[in-house]
S.K.: 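Submitted below is the structure of interest, expressed as structure tokens.
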4 protein chains.
Amino acid sequence: MSHPGAGPESDGESKEARILRSALSEFCRKGFHRATMEDIAAGAGVGKGTLYLYFRSKQALLEEIFRLGLEGYTAGIRAVAGGSEPARTRLGKIAAFALEYAAANREFARLAQEGPVGMREEFKRWLLDLQGRILETVRQVAQEGVEAGQFRKVDPELVANLFMGGIHSAVTALVWGEGRRDPREVADALTDIVVEGAGRRD
Amino acid sequence: MSHPGAGPESDGESKEARILRSALSEFCRKGFHRATMEDIAAGAGVGKGTLYLYFRSKQALLEEIFRLGLEGYTAGIRAVAGGSEPARTRLGKIAAFALEYAAANREFARLAQEGPVGMREEFKRWLLDLQGRILETVRQVAQEGVEAGQFRKVDPELVANLFMGGIHSAVTALVWGEGRRDPREVADALTDIVVEGAGRRD
Amino acid sequence: MSHPGAGPESDGESKEARILRSALSEFCRKGFHRATMEDIAAGAGVGKGTLYLYFRSKQALLEEIFRLGLEGYTAGIRAVAGGSEPARTRLGKIAAFALEYAAANREFARLAQEGPVGMREEFKRWLLDLQGRILETVRQVAQEGVEAGQFRKVDPELVANLFMGGIHSAVTALVWGEGRRDPREVADALTDIVVEGAGRRD
Amino acid sequence: MSHPGAGPESDGESKEARILRSALSEFCRKGFHRATMEDIAAGAGVGKGTLYLYFRSKQALLEEIFRLGLEGYTAGIRAVAGGSEPARTRLGKIAAFALEYAAANREFARLAQEGPVGMREEFKRWLLDLQGRILETVRQVAQEGVEAGQFRKVDPELVANLFMGGIHSAVTALVWGEGRRDPREVADALTDIVVEGAGRRD
DNA sequence: CATGAATGAGACTTCATTCAT
DNA sequence: CATGAATGAAGTCTCATTCAT
């Protein structure tokens, strides 16, 4: 086995998974620097030294959390963005997926909003890259919308920025606010405004 | 001092201001936790102990930076949002102001994007509150647009979220990217899409 | 195992011996404190826990290495020192044996030169004692040389110190230096100087 | 001032000196790895953090101790070795100086015998170099003795090795043994044997 | 007001040792 | 006998904060 304790645990979750969950929870609650390895270990029900059997360092732990969390996110975004449906439909799906993903991973969503605090410069670049690729994916959808005549001649990059920014803003409200709204409904309304505009049609 | 009678600060900036500028610069460059009081003091050209004559703690320094930076920002937003012009015009002015403010205060804009790292829970709440009040201001504009029949029956809160999220996204590109675009132009394009929509009008 | 009936250790070396060799190698390469039980186990081709079936602790491992290495050394010294030949011959044999022993056990010789790092106070005393007994053996040879009229009235203890110190110095050059000289030749030259003196005879 | 606290202390010794003394004492008593910065600080009567105002790390502290200790040693050796007196006289002075230096710096002498444990590879090389230069100095004396016809045709390098090895051995006895002998007397006797030889002159 | 030497709490990380399998 | 996952004591080092000057 490449990793210690890869076998099934009695409480139904691998040690690695327990550590990751505990770390996410601590990082989210206290921020990277205020969270201590001691507390993370306690939260995972393991000894302090055990953390280092699974992760090289505190930083590595943080980065792995981001890697895993963003892997699912980007894969999902790309999947729903890749169809052959009208641009509007695809945008709607992107928004819906993003908001639902955030709702399903509230702690990670909160952590991700803290920004790349405590990461090595190298990992920060990876993160910016990833963000760039997501924006590019959305831009592509907008551009295809323009080319297919579904959208007017708008700057696709700006649409992508606006759209993802709007989603980001909605996610903030979603994960921090108390009065929760249905992610799907928000996604639809957001898409509606981006495509149809807020202005009155005469 | 070389010029007696030139006032206590012959280099034209009060010690407090110099400290704040140095702290902003350090926080921006290294992040809150990696920045040291020693470096901040050196950057301000004062002794380490002097920092504590002006600010109770490192946290207080950070919070004061945010207080001052956001004060100007919110005041500006409120000012341009408050006129009696059409909603679209006011939204355009909001975007223009926000982007220009970010361009004029790049370091602060970068710092603000890092999120509330290192702040006391109490100050985080104040920050969320402030953000809420800004959103509320924008929401108000949108709502008045709806009421005045300039906008169709969209959810004003969502419009505010989308709009400010888009601005946020544009600011990120503005303060981190190299190829700079004119803030005003970006603001106009952003407003245009939000009001007119990306979709084709038939 | 490939050859049933070939005994429990078909590779020709008992587990204990393999562990000792690996430990010696690690201690020699990295020093006592930097060497890890993990690496020692890996080098011996056994599990970490197995080390503790053969040795009580890391210290015990170190001490056993010294015990074994010095056992052969002191036995050899005593053997060649014990004859009834002239003192000079016996000194020559002592030097030859010591240098050849070091050449044949380079790793141990290097380790022994590092001094009693990491040992318990008790074992350090044993070590000093042993060193004292070796010196005593050599002193005895010198004294007998004086008594037999082969040597002039020199302090036998000092001769022993000088002689063994010279050997020690030569061993250092032998086990660390690249340009190797023949141990036997060095031993002869060393003995020659100690007995005949560097000074010119008129 | 380049260093904090360079001014005179109330107890008549600079903080840096107190730290160095405490560190030497701890390193000597427990060895490099077993000595703790906490104990060193306590022994110097300063806080733990203060150590790091004067020395970058524990290693740096050790290395500085060696640098200072060996600086005086090598300077002394070179000084007494450099005269124009007969080789024998100079060897005698070298031995006397070395033994007196060891007697005057017993703790350092003990530490130096532990070998280069805990040092960076780079510093180890510096140390070996220094040792080589000392040997070279002694070798030079022996060679000049040969050239001046004071010594017979012996290998000067071997003489240097023997002589310094003998001194080393005597130092060990001196700093660890209980029954102390006068360094000067030991130095004379040692030199006598090396030059005249232990053997009887017929 | 200003300074910066001094402090010590606190965090990460290592690794010898144990013990259930 | 053998293993190696798990542990936690222990140690180094950082840095915000204080206070005597």
Side-chain angles (χ1 to χ4, degrees), chain A residues 1 3-7 9 15-16 32-42 44-61, chain B residues 8 15 32-42 44-61 118, chain C residues 8 15 32-42 44-61 118, chain D residues 1 3-7 9 15-16 19 33-42 44-61:
Chain A
M1 293 177 212
H3 254 342
E9 309 290 316
K15 239 163 219 171
E16 184 173 338
F32 177 72
H33 281 100
R34 295 223 188 292
T36 73
M37 292 300 264
E38 185 122 30
D39 289 345
I40 291 171
V46 301
K48 220 187 318 177
T50 305
L51 300 184
Y52 292 87
L53 294 181
Y54 293 85
F55 302 94
R56 195 176 16 270
S57 67
K58 194 185 182 186
Q59 268 193 8
L61 191 42
Chain B
K15 243 169 215 175
F32 178 73
H33 280 100
R34 294 221 192 291
T36 71
M37 292 299 264
E38 184 121 29
D39 290 344
I40 291 171
V46 301
K48 223 188 315 179
T50 306
L51 300 183
Y52 290 86
L53 296 178
Y54 292 86
F55 302 93
R56 191 172 28 266
S57 67
K58 192 186 183 188
Q59 273 194 3
L61 196 41
Chain C
K15 242 169 217 175
F32 177 71
H33 279 99
R34 294 221 191 293
T36 70
M37 292 299 264
E38 183 120 30
D39 290 344
I40 292 171
V46 301
K48 222 187 316 179
T50 305
L51 299 184
Y52 290 85
L53 296 178
Y54 292 86
F55 302 93
R56 190 170 30 265
S57 66
K58 192 186 182 187
Q59 272 192 4
L61 196 40
Chain D
M1 293 177 212
H3 254 343
E9 309 289 316
K15 236 161 223 173
E16 185 173 339
I19 291 171
H33 281 100
R34 294 224 189 293
T36 73
M37 291 300 264
E38 185 123 30
D39 289 345
I40 292 171
V46 301
K48 218 187 321 176
T50 306
L51 300 184
Y52 292 87
L53 293 181
Y54 293 85
F55 302 94
R56 197 177 11 271
S57 66
K58 193 185 183 187
Q59 268 193 7
L61 192 42

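Below, all heavy atoms of this structure are taken into account, side chains as well, without hydrogens, waters or symmetry copies. Quick caveat: nothing in here was measured; it's all calculated off a predicted structure.
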S.K.: For F/dT21 and E/dC1, measure between their P atoms and round to the nearest Å.
M.R.: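 Each nucleotide's P atom is 22 Å from the other's.
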S.K.: With rounding to the nearest 0.5 Å, note down the distance linking OG in C/Ser57 to CG in C/Leu51.
M.R.: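 Nearest 0.5 Å value for the OG-CG distance: 11.0 Å.
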S.K.: Mark up nucleotides 12-21 of chain E, 5' to 3', with B wherever a protein heavy atom is under 4.0 angstrom from a base atom, S wherever such an atom reaches only the sugar-phosphate, and - elsewhere.
M.R.: SBB-SBB---
S.K.: Taking all non-hydrogen atoms of both residues into account, name the closest pair between C/Gly118 and C/His33 and its distance.
M.R.: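 Reported closest heavy-atom pair: CA-CE1, 3.9 Å.
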S.K.: Would you kindly give the CD1-to-P distance between B/Ile40 and F/dA16, to the nearest whole Å?
M.R.: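 Atom CD1 in B/Ile40 sits about 8 Å away from atom P in F/dA16.
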S.K.: Tell me whether the OP1 or OP2 atom of E/dA2 has a side-chain N or O from B/Lys15 closer than 4.0 Å.
M.R.: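 So the side-chain polar atoms of B/Lys15 do come within 4.0 Å of the phosphate oxygens OP1 or OP2 of E/dA2, strictly under.
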S.K.: Between F/dT7, F/dC1, E/dA2, which nucleotide gets closest to the side-chain atoms of C/Leu53?
M.R.: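 Per side-chain heavy atoms of C/Leu53, the pick is F/dC1.
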S.K.: Between C/Tyr54 (OH) and F/dT3 (P), how many Å, whole number?
M.R.: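 Distance check: C/Tyr54 OH to F/dT3 P gives 9 Å.
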S.K.: Taking only residues two or more places apart in sequence, or in another chain, which ones meet D/Lys58 in a salt bridge (Lys or Arg N to Asp or Glu O under 4.0 Å)?
M.R.: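 D/Lys58: no salt bridge (Lys or Arg N to Asp or Glu O under 4.0 Å) contacts found.
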S.K.: Counting a pair only when it is Watson-Crick or G-U and both distances are under 3.5 Å, which runs of at least 3 such pairs involve DNA chain F?
M.R.: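 Stem segments, range with range: E:2-21 with F:2-21.
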S.K.: Separation of C/Asp39 atom CG from F/dG4 atom C1', in whole Å?
M.R.: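 From C/Asp39 CG to F/dG4 C1': 14 Å.
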S.K.: Using side-chain heavy atoms (C-beta onward) and a distance below 4.5 Å, is D/Met37 in contact with D/Leu61?
M.R.: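 They are in contact (side-chain heavy atoms under 4.5 Å apart), so the answer is yes.
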